[in-house]
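To find a chain, count down the sequence lines: A is the first, B the second, and so on, and within it residues start at 1. None of these values were measured; they are calculated from a predicted model.
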Amino acid sequence: MLSSSDILETTFQSLGKGGTNMKLKYEDSYLYRLRHSAAHLMAQAVTELYPGAKLSIGPPIENGFYYDIDFPSPLKEEELESIEKRMKDLAKLDQRIERTEVSRDEAKALILDATIPGMGDAVAEYKLELLDAIPEGEAISFFEQKRMDRDGVQHRFLDLCRGPHVESTKEIKAFKLTSIAGAYWRGNVKNKMLTRIYGTAFESKEELEAHLAHIEEAKKRDHRILGRELGLFMFSARVGTGLPLWLPKGAQLRMTLADYMNHEQMRRGYQPVVTPHLGSIKLFETSGHIYNYRDKMFPFMEDDEKETFILKPMNCPFHIEIYRSQMRSYRDLPVRYAEMGTVYRYEQSGEVTGILRARGFTQDDAHLFVRPDQLLEEFTSVVDLMQAVLKKLELTNYRARVGTKDPTSDKYIGDDENWTLATEAILKACDDKGLEYEVSPGDAAFYGPKLDMIIKDALGRDWQMGTVQVDYNLPERFELEYIGEDSKPHRPVMIHRAPFGSLERMIGLLTEQFAGAFPFWLAPVQVSILAIADRHNDLASELMVKLRDAHGMRVEIDTRRETLGKKIREAQMQKIPYMLIIGDKDIENNTVGVRCREEGDLGAMSLEEFVSKTKE
RNA sequence: GCCUCUGUAGCUCAGCGGCAGAGCACUUCUUUGGUAAAGAAGAGGUCACGGGUUCGAUUCUCGUCAGAGGCUCCA
């Protein structure tokens, strides 16, 4: 048995060797310093071009850097060009970037020194706040860029900063300011919104060009663009923000994914349930969602009897009602209820992103009601399912994150013993299944620890997909029970889990992952039969029926009076795995001309040969 | 919700204070073709919507709606 301190120890170990390992390396790299210095250079340019601009913080980030600045008047995007130009000029001056360590009083004096650009009480309020936040006993340092102009006047720019930096501004040669955004001071909505300027920097111009080209390339595989081009889904302003309409091919894709998941779950002893899209508010009063989730719910509905209904933002309370509908014995547990449950969440307008973040979406949801002694086994089984799913979907660029309790916060409910048991079960399940993970204290739900799968989209943004959560709260609120061996009532533990996360998000991520070229089993259309001339149409239809009925394939025929070249081009752009080309020779020899999406023309073969090829 | 940007044909985009443009897609005609775009003609628009400025607004300006990149939040 692990004690709490052991868990903490494990936490630190996995922080060190897990997914954050790469990051530590990056933080020690020259590139990291270069980007940090580029942020300072930008700040220097800004203080010269915009007197009155207040600097706050400017760190390096994964693909570049940013600086949050409070401008006296709104910054226009076109102004980035002039800032960039000023940066280029300043960089060439070969300003040394020097570190000086000072006492707290000296630091304060420097910050309030209005003779230094960017300093003085008129513009340095954020720097003062940052200074105050530096813990007692920690070194306080500034980094300074100095230069002499033609008239012998010295110009200084210095910034409160831990560093480290490169030695001279002339090292900053390959950079670009990429975008402008708003960001709250210290990330708090209640604070003032500052202007964030994003930029990127590399050691060479070639690397910078390559990076920018890569981004352009990545934009082409954006799921919203491919979603339209491939006929997967659409949005309509008349339907509403964040509410996707699924087109035939996208709907097929959903069904294929859902079928796969249902099959995997059935093998693991899940039982299907179906519950309504809305329900009485009473259900959500009992669950407590109404009290801490209300701003994420669509407006309530009242009927004539003054009963209030809400669109469900989650499925759990419905599944709980089914659990409660009969007396449960310890022998009945675990009970596993699964549903492709469509939920509605009123996301803020600015945060809806295609189908990756929609207002109506379908979770591959299930709730497991388990005895405490079954927690480990059941959690392990869920991890096993998740690994199977990731493998089947060929997803590799994911990371697993165990969200644990932040010991310093009091937002969590439930007793420590349960938390420890649940956290141990999660860690052990992951270890047993050989799943590498990082531990993230403070990322637990308020009702229990959880395991999340996180994946990057085409543009490198993190998205949470699969999730498994242990919950002690809802069983308590709904007073769930089972009768134990001792013939006394006991409280079950709930596990919430959704290996895909949602069908919408998963399809969005898969679309980007495969750039629309889905593997054969998943492709909405698997085979397109191209008839060369009208006289081959009958054979094409015949073959379609054969492949559909005898082999269960999803087949389309193209009998338009277009040239073969054009039909091939279009099928290729639709990323259809196989094309069967039918002409006179095929009628004569009883063959089909096979063309593969990846490998091109495979030549003529019998239909049987083709079918066995698709099964490889 | 907040900051910045965008909205012109089904799609990708030019354009402009004075009659609305291209390519692809669509329709019709010719072409019946063997591995990534045959040829021709035609049709298609309240320039997102609503105010304001102006002799005149798709163009300038304000507001609304929708979309994008961020922030916050999240599957």
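- Regarding A:Leu80, its CG atom lies at a distance of 13 Å from the C1' atom of B:C3, rounded to whole Å.
- As a whole-Å value, the separation of A:Leu602 CG from B:A36 P is 13 Å.
- For A:Arg228 and B:U12, the shortest distance from a side-chain N or O to OP1 or OP2 is below 4.0 Å.
- Among the protein residues, A:Glu77 comes within range of the sugar-phosphate backbone only, with heavy atoms under 4.0 Å from sugar or phosphate atoms but none that close to a base.
- Distance CG (A:Leu226) to P (B:C11): 17 Å, rounded to an integer number of Å.
- The base of B:G34 does not come close enough to the side chain of A:Asp601 for any donor and acceptor atom to sit less than 3.5 Å apart.
- Taking the side chain of A:Lys566 as heavy atoms from C-beta on, and the options B:C5, B:G34, B:A37, the nearest nucleotide is B:A37.
- Going from atom CD1 of A:Ile455 over to atom C1' of B:A75 covers 13 Å, rounded to whole Å.
- The distance from atom CD of A:Glu570 to atom C1' of B:C26 is 12 Å, rounded to the nearest whole Å.
- Within 4.0 Å of A:Glu347, counting heavy atoms only, lies at least one base atom of the nucleic acid.
- Defined by atom type and a distance below 3.5 Å, a donor-acceptor pair is missing between the side-chain atoms of A:Arg186 and A:Ser56.
- Side-chain atoms of A:Thr563 and base atoms of B:A38 include no donor and acceptor less than 3.5 Å apart.
- Side chain of A:Glu351 to main chain of A:Gln348: a donor-acceptor pair is present (N/O by atom type, distance under 3.5 Å, no hydrogens or angles).
- For the P atoms, the distance from B:G18 to B:U59 is 11 Å, rounded to whole Å.
- With respect to A:Glu556 and A:Lys249, a salt bridge is recorded, a charged nitrogen being found less than 4.0 Å from a carboxylate O.
- Only the P atoms considered, B:G10 is 29 Å distant from B:G70, to the nearest whole Å.
- As a whole-Å value, the separation of A:His289 NE2 from B:A75 P is 10 Å.
- Atom CG of A:Leu451 and atom C1' of B:A75 are 14 Å apart (whole Å).
- Each of A:Lys567 and A:Gly501 lies near RNA chain B, and the nucleotide nearest A:Lys567 is the one positioned closer to the 5' end.
- Residue-level contact check: A:Asp584 touches the bases, meaning some heavy atom is under 4.0 Å from a base atom.
- In this structure, A:Arg595 and A:Leu356 both approach RNA chain B, and ranking their closest nucleotides by distance from the 5' end singles out A:Arg595.
- Only the P atoms considered, B:U58 is 25 Å distant from B:G67, to the nearest whole Å.
- Distance from the side chain of A:Lys296 is smallest to B:C73 among B:C73, B:U12, B:A75.
- Backbone-only contact: A:Arg535 has heavy atoms under 4.0 Å from sugar-phosphate atoms and none from a base.
- Rounded to a whole angstrom, the distance from the C1' atom of B:U28 to that of B:C13 is 27 Å.
- When the C1' atom is used for both B:G45 and B:A20, the distance is 8 Å, rounded to whole Å.
- The only option from A:Arg336, A:Glu339, A:His319, A:Arg497 that meets the side-chain hydrogen bond (donor to acceptor under 3.5 Å, both in side chains) definition with A:His367 turns out to be A:His319.
- Between the P atoms of B:U27 and B:G21, the separation comes to 25 Å (whole Å).
- Taking the charged nitrogens against the carboxylate oxygens, A:Glu62 and A:Lys456 do have a contact shorter than 4.0 Å, which makes a salt bridge.
- Straight-line distance between the C1' atoms of B:C19 and B:G23: roughly 23 Å, to the nearest whole Å.
- A donor-acceptor pair is defined here as one N or O able to donate and one able to accept, closer than 3.5 Å; such a pair exists between the side chain of A:Asp364 and the backbone of A:Gly501.
- A salt bridge links A:Asp384 with A:Arg268: at least one charged nitrogen is closer than 4.0 Å to a carboxylate oxygen.
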Derivation of the side chain to side chain contact (heavy atoms under 4.5 Å, CB included) call for A:Phe284 and A:Phe300: CA-CA 12 Å; A:Phe284 292 91; A:Phe300 301 170; over 6 Å; no
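- Aromatic ring orientation, A:His277 versus A:Tyr344: tilted (interplanar angle from 30° to 60°).
- The pair A:Asp222-A:Lys220 fails the salt-bridge criterion, with no side-chain N (NZ, NE, NH1 or NH2) lying under 4.0 Å from an Asp/Glu carboxylate O.
- Residue A:Leu75 is classed as a sugar-phosphate contact, given heavy-atom separations below 4.0 Å to backbone atoms only.
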Letter per nucleotide, 5' to 3', of nucleotides 64-72 of chain B [B base touched, S only sugar-phosphate touched, - untouched; heavy atoms, 4.0 Å]: --SSSBBBB
Intra- and inter-strand pairs of RNA chain B in dot-bracket (Watson-Crick or G-U wobble, both distances under 3.5 Å; | for another strand): (((((((..((((....[..)))).(((((.......))))).....(((((..]....))))))))))))....
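- At a threshold of 4.0 angstrom between heavy atoms, the contacts of A:Ala571 with the nucleic acid are absent.
- Across all strands shown, A:Gly593 has heavy atoms under 4.0 Å from base atoms, whether or not it also approaches the sugar-phosphate.
- With its glycosidic angle more than 90° from 0, B:C16 is assigned anti.
- Ring pair A:Phe298/A:Tyr346 is perpendicular by interplanar angle, where above 60° counts as perpendicular and below 30° as parallel.
- Annotation: side chain of A:Asn315 is not in contact with side chain of A:Tyr337 (no heavy-atom distance under 4.5 Å).
- Nucleotide B:C73 holds its C1' atom 9 Å from the OH atom of A:Tyr293, rounded to whole Å.
- On the P atoms, B:C60 is 41 Å away from B:A37, given to the nearest whole Å.
- Under 4.0 angstrom from either OP1 or OP2 of B:C74 there lies no side-chain N or O belonging to A:Gln464.
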